[in-house]
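Residue numbers count from 1 along this sequence.
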Amino acid sequence: MIEKEDCMNILRRIIVGTVLSLIAAAASADLKVATSIEDLASVATFVGGAHVKAFSLCKGYQDPHFVPAKPSLMRLIRDADVFVSVGLGLDEGWLPLVLPGSRNPRIQPGAPGFVDASEGVAVIDKPVGTVSRAEGDVHPLGNPHYYMDPANLIVVASHLARVFAELDPANATVYERNAKAFAAKMQAQSKAWEATLAPYHGASIVTFHRNFEYFLARFGLKRFGTVEPRPGIPPAPRYLAELAASMKREGVRVVVYQPYFDANASRGLASRAGGAAVEAPTEVGGVPEAGDVFAKFQVDVDRIAVALQAGAAR
């Protein structure tokens, strides 16, 4: 015969078990979102809120063009509900290996869970005519670094909200509301960033790679040249000497580079031109302070503004 105390213990275990099951069910209902780069994971987190768990395969201190297609990456996305690709060929060197290797049918191209984040973005730098490898690592579909323009991330947020709503209709209103809040914050912050860089409107800088084109266009700056002679091609000493001479002649004193590029080449070039080299991340996580997309733009704007101010004072 079961004692009253034993019955109470059994009842407690049943209740606790039921609660834990409900919690587990709620957790499993969240969308697991994998992305090519940290910026897209950051936007997905803002849009998804508590209903999305997002992570990036490429870290912010890694070159997104060249990510080793390791089995560990394939395992990471084996149970993902959504995969968000940068698109425009930025991740084409490794993603076509990683996605099939995951054996996850939900996130393959053409499936509802696969997202090309570049859809709806106004793409620049589309090559005209035949593209040759002799020209370097040129992207035939246009410049894929569109996430360096705050306005383009608003487009991405709206796109992700629609995808998340289709996959998780119960939280559709949450995703829509979060995307609108993200857009409002990004627009407000953009005005502040534009004000910070306004005194240097029309100023020229040198970038290591052509990954600041959208940023420069948004904030009224110009690219004087690149540390790379052609995309993906390391600079030769003669090329750097000629570029430094041109910079000095034209009064260009700021060189911008990313954590995964050659800091020595950038610093040496800036020194010869009488200027300074600035490490400015193009991806979230590129430097510790760039914890999300808002923080990344703040870091870039502040660092470039300080360098331009110093250059103007010389």
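- A donor-acceptor contact closer than 3.5 angstrom is absent between the side chains of Arg267 and Ser271.
- Val256 and Tyr260 fall into different hydrophobic clusters, where Ile, Leu, Val, Met, Phe, Trp and Tyr are joined by side-chain heavy atoms under 4.5 Å apart, directly or via other members.
- Val43 has its side chain out of reach of Tyr147: every pair of non-hydrogen atoms, C-beta onward, lies at least 4.5 Å apart.
- Side-chain contact check for Lys296 versus Met148: some heavy-atom pair is nearer than 4.5 Å.
- None of Glu283, Gln258, His145 except one satisfies the side chain to side chain donor-acceptor pair (under 3.5 Å) rule with Asn211; the exception is Gln258.
- Clustering ILVMFWY residues whenever any of their side-chain heavy atoms sit less than 4.5 angstrom apart, transitively, puts Trp193 in the very cluster that holds Val156.
- Residues Leu167 and Gly113 come closest through the heavy atom pair CD1-CA, 4.4 Å.
- Proximity of a side-chain donor or acceptor of Arg106 to a complementary backbone N or O of Ala80 within less than 3.5 Å is detected.
- Between the side chains of Ser72 and Arg75, not a single donor N or O lies within less than 3.5 Å of an accepting N or O.
- Residue Thr196 comes nearest to Ala305 through the heavy atom pair CG2-CB, 3.9 Å, listed as atom of the first residue, atom of the second, then distance.
- Note on ring orientation: taking the six-membered ring where Trp is involved, the planes of Phe215 and Phe212 are perpendicular (angle over 60°, cut-offs 30° and 60°).
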Please assess Gln189 against Phe297 for the test side-chain contact (heavy atoms from CB on, under 4.5 Å), listing each intermediate value before the final yes or no. CA-CA 9 Å; Gln189 291 290 95; Phe297 283 117; over 6 Å; no
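- Contact annotation: the side chain of Asp168 approaches that of Tyr175 to within less than 4.5 Å [non-hydrogen atoms, C-beta and beyond].
- Under the rule for a side chain to side chain contact (heavy atoms under 4.5 Å, CB included), the partners of Val123 that lie at least two apart in sequence or sit in another chain are Leu88, Lys126, Tyr214.
- Shortest non-hydrogen contact noted between Ala44 and Val52 is O-CG1, 3.9 Å.
- A heavy-atom distance below 4.5 Å is not found between the side chains of Glu250 and Ser204.
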Between Val67 and Leu57, is the side-chain contact (heavy atoms from CB on, under 4.5 Å) condition met? List the steps. CA-CA 8 Å; Val67 177; Leu57 295 186; 5.6 Å; no
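- In this pair, His209 and Phe261 present their aromatic rings tilted. The plane angle is within the 30 to 60° band.
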Check the pair Glu176 / Lys180 against salt bridge (Lys or Arg N to Asp or Glu O under 4.0 Å), numbers first and verdict last. CA-CA 6 Å; Glu176 182 181 4; Lys180 289 181 178 178; 3.4 Å; yes
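- For Phe182 and Phe294, the distance between ring centers is under 6.0 angstrom.
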Begin from the C-alpha positions of Glu289 and Arg303 and carry the test salt bridge (Lys or Arg N to Asp or Glu O under 4.0 Å) through to its verdict. CA-CA 12 Å; Glu289 303 93 319; Arg303 291 188 179 186; 3.2 Å; yes
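- Residues Val163 and Val293 share a hydrophobic cluster, clusters being chains of Ile/Leu/Val/Met/Phe/Trp/Tyr side chains in contact below 4.5 Å.
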